[in-house]
Amino acid sequence: RIRPLKTFCEEVSLLAYCLMPNHFHLLLCQSPADGMARFVQSLCTSYSMYFNKKYKRVGTLFQGPYKAVLVQEDIYLLHLTRYIHLNPLGLKMTGSRLVNLVEYSYSSYPYYLGLKHAAWLRPQPVLDFFRTNRRTSLRDFHSYQSFVEDFADDAQMIVGRLTID
């Protein structure tokens, strides 16, 4: 019997995401104080049930509890989106070709650049900090694309210091 899934669209908004081979990043804005916790629990439980049924296995799927960070400052929000969107760097696609961030299908980065659109993703709160989303010249410091790609080394250092394990 198929049970209808609860929708969390009134409780959380998805601002950014990146799905990796062994983990994922979600940047969520929650309405009630427990909105994110309930959403992530539902997501992980549903996916575990799907995965276990598909691959005829039992038991837990995820290694441990998820990590969450409360974002209270705009500057940290910006650095966090950059960190999330840079996560696929270093991954190899089929063959030996490295991932191109714009072409990576499992990230919200193309949505931030205006190359894709989806009603369920809300990049505008972050993009409002920039004049444009895509680079218009070689070093367009006012674009989100320049913020992400031209300062890739900064993301790991800044976000790494501020995350909670």
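- Note: the hydrophobic cluster containing Phe24 does not contain Met49 (ILVMFWY, side chain heavy atoms under 4.5 Å, direct or indirect links).
- Between the Asn87 side chain and the His25 main chain, no donor and acceptor come within less than 3.5 Å of each other.
- Atom OG in Ser107 sits 6.5 Å away from atom OH in Tyr17 (nearest 0.5 Å).
- Ala16 approaches Thr81 most closely through the heavy-atom pair CB-CG2, 4.4 Å.
- Looking only at distances, no side-chain donor or acceptor of Ser42 sits under 3.5 Å from a matching main-chain atom of Arg38.
- The cationic group of Arg57 does not satisfy the cation-pi geometry with Phe51, failing either the under 6.0 Å distance to the six-membered ring centre or the 45° limit from the ring axis.
- Across all their heavy atoms, Pro110 and Val102 have their closest contact at CG-O, 3.3 Å.
- Separating the OG1 atom in Thr45 from the CD atom in Gln41 is a distance of 5.0 Å, to the nearest 0.5 Å.
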I'd like to know whether Val40 forms a side chain to side chain contact (heavy atoms under 4.5 Å, CB included) with Leu28, so could you lay out the CA-CA distance, the side-chain angles of the two residues, the decisive distance to 0.1 Å, and finally the verdict. CA-CA 10 Å; Val40 172; Leu28 302 169; 4.2 Å; yes
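- With a 6.0 Å radius and a threshold of 12 heavy atoms from other residues, nucleotides or ligands, Tyr50 has its OH atom at or below the threshold.
- Here side-chain hydrogen bond (donor to acceptor under 3.5 Å, both in side chains) pairs that include residues 115-127, with residues two or more places apart or in two chains, are Gln124-Asp128.
- Counting heavy atoms from C-beta on, the side chains of Leu91 and Pro21 come closer than 4.5 Å.
- Here the SG atom belonging to Cys44 is positioned 9.0 Å from the CZ atom belonging to Phe39, to the nearest 0.5 angstrom.
- Not a single side-chain hydrogen bond (donor to acceptor under 3.5 Å, both in side chains) links Asp74 to another residue, sequence neighbours left out.
- Expressed to the nearest 0.5 Å, how far CG of Leu15 lies from OG of Ser108 amounts to 9.0 Å.
- For the pair Cys18 and Ile84, the tightest heavy-atom approach, listed with the atom from each and the gap, is CB-O, 3.5 Å.
- If you look at Tyr109 and Tyr111, their ring centroids are not closer than 6.0 Å.
- Residues Leu80 and Val69 fail the side-chain proximity criterion, which asks for heavy atoms closer than 4.5 Å.
- Scanning both residues, Val126 and Leu78, for their nearest heavy atoms gives CG1-CD2, 3.8 Å.
- Aromatic rings from Phe147 and His79 are positioned such that their centres are separated by under 6.0 Å.
- Surrounding CE of Met20 are more than 12 heavy atoms belonging to other residues, nucleotides or ligands, all under 6.0 Å away.
- Separation of atoms CG (Leu70) and CD (Gln72) is listed at 4.0 Å; rounding is to 0.5 Å.
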Can you list the steps and then say if Gln145 with Tyr112 is a side chain to side chain contact (heavy atoms under 4.5 Å, CB included)? CA-CA 8 Å; Gln145 185 176 19; Tyr112 272 68; over 6 Å; no
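- Smallest separation of non-hydrogen atoms from Ser31 and Glu10: CB-O, 3.6 Å.
- Here the closest non-hydrogen pair linking Met36 and Ala68 is CE-CB, 3.8 Å.
- Residues Gln30 and Glu11 have side chains not in contact (no heavy-atom distance under 4.5 Å, counting atoms from C-beta outward).
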Could you go through Leu43 and Leu26, starting from their C-alpha distance and side-chain angles, then the distance that decides it, and tell me whether this counts as side chain to side chain contact (heavy atoms under 4.5 Å, CB included)? CA-CA 11 Å; Leu43 174 70; Leu26 301 176; 3.9 Å; yes
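- One N or O on the side chain of Tyr104 and one on the backbone of Leu19 form a donor-acceptor pair closer than 3.5 Å.
- Between His85 and Tyr144, the angle of the ring planes goes over 60°, which puts this pair in the perpendicular group of the 30/60° scheme.
- Atom-to-atom distance recorded for Glu149:CD and Arg82:CZ is 11.5 Å, nearest 0.5 angstrom.
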